[in-house]
2 protein chains.
Amino acid sequence: MVKRVRGSRTGRPIMVLLDLLGRRWTLRIVWELREEAKRFRELQDLIGASPTIINTRLAELREAKLVQLDEEAGYRLTTLGEELLRLLLPLHVWSEKWAKFI
Amino acid sequence: MVKRVRGSRTGRPIMVLLDLLGRRWTLRIVWELREEAKRFRELQDLIGASPTIINTRLAELREAKLVQLDEEAGYRLTTLGEELLRLLLPLHVWSEKWAKFI
DNA sequence: TCCGTTACTACAATTTTTGTAGCAAGAATG
DNA sequence: CATTCTTGCTACAAAAATTGTAGTAACGGA
């Protein structure tokens, strides 16, 4: 069953996803977890957002089964999270091209 | 030259992009423009956000050369915007799979 | 002239985010 | 066995972003 998420009135998965990823720092957190697990404070330092909001976003990402807390290593992407990341990776190369235009 | 964007202190294009797309309604606006141009009010009705913020986001997307205003047809994706959209389209299918897990 | 459509703006109320400080638990260190 | 460090995380007031409603200004057609 799909969770009702803020700003997503239809419940259509793509809308739920766009709403989730469209919250401040969410995409960035997924991005920072792209290679290895990161501790809460590492994320904080890398991202530079307040602990309050990082914690809120991590909770949302955990509920969305995209991120999990591994006591040994820290926060890491789940299998689903890695799948999503794989879809987002092409943004990296494209952003370099895009940057030439702006 | 890459614009300095809120929350993006490095200026690295991927960070600028993630910051831009990570603002509320931005991904959603790009998504709604995926097929045809839309009028300001159409976007407002589809999305359900305040005109203030829709206008702000449209201005940002226009400055980022991802969206343009075509007087005849309304707001539409630029060539760059279409490229970005093509990278985002796989999210649609994936979100359906993801929805089964949440 | 009046009405509809267009893209927007004004602005107070509400919600979100920030920045700083600190808590509580467990492990390591003296 | 007391202290310090690291861990994830919370409290809370200040600041910033967003909302909701109303309205503006320009243009076209009747």
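Protein chains get the first letters and strands the later ones, always in sequence-line order, with residue 1 at the start of each. Fair warning: this is a prediction, and the values are worked out from it, not measured in the lab.
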When you measure from the side chain of [X] to the backbone N and O of [Y], does any donor-acceptor pair fall under 3.5 Å?
{"X": "B:R34", "Y": "B:W31", "answer": "yes"}
{"X": "A:T78", "Y": "A:L66", "answer": "yes"}
{"X": "A:S95", "Y": "B:L17", "answer": "no"}
{"X": "A:Q44", "Y": "A:R41", "answer": "no"}

Please state how far atom [atom1] in [X] lies from atom [atom2] in [N], giving the value in whole angstrom units.
{"X": "A:R76", "N": "D:dT7", "atom1": "CZ", "atom2": "P", "result": "15 Å"}
{"X": "A:R28", "N": "C:dT17", "atom1": "CZ", "atom2": "P", "result": "16 Å"}
{"X": "A:D45", "N": "D:dT6", "atom1": "CG", "atom2": "C1'", "result": "13 Å"}
{"X": "B:I54", "N": "C:dT9", "atom1": "CD1", "atom2": "P", "result": "13 Å"}
{"X": "B:L58", "N": "C:dT6", "atom1": "CG", "atom2": "P", "result": "15 Å"}
{"X": "A:K38", "N": "D:dT6", "atom1": "NZ", "atom2": "P", "result": "18 Å"}
{"X": "B:L43", "N": "C:dT6", "atom1": "CG", "atom2": "P", "result": "12 Å"}
{"X": "B:I53", "N": "C:dC11", "atom1": "CD1", "atom2": "C1'", "result": "14 Å"}

Problem set entry | Given D:dT18, C:dT17, C:dT18, the nucleotide with the shortest approach to the side chain of A:A49 |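 Closest nucleotide to the A:A49 side chain: C:dT18.
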Exercise. Given D:dT19, D:dT7, D:dG23, which nucleotide is nearest the side-chain atoms of A:R41?
Worked result: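 Looking only at side-chain atoms, A:R41 lies closest to D:dT7.
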So, is [X] near the phosphate of [N], with a side-chain N or O under 4.0 Å from OP1 or OP2?
{"X": "A:N55", "N": "D:dT10", "result": "yes"}
{"X": "A:R24", "N": "D:dT18", "result": "yes"}
{"X": "A:R39", "N": "D:dG8", "result": "yes"}
{"X": "B:W25", "N": "D:dA17", "result": "no"}

Inspect the contact between [Y] and [X] and indicate whether a charged nitrogen and a carboxylate oxygen are less than 4.0 angstrom apart.
{"X": "B:K97", "Y": "A:E83", "answer": "yes"}
{"X": "A:R23", "Y": "A:E60", "answer": "yes"}
{"X": "B:E36", "Y": "B:K38", "answer": "yes"}

For this session: For B:T56 and for B:Q44, locate the closest nucleotide of DNA chain D by heavy-atom distance; then report the residue assigned to the nucleotide nearer the 5' terminus.
Result: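 That would be B:T56.
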Got a list of protein N/O to nucleotides 11-14 of chain D N/O distances below 3.5 Å?
unit_1: D:dA11; atom_1: N6; unit_2: A:T52; atom_2: OG1; d: 3.3

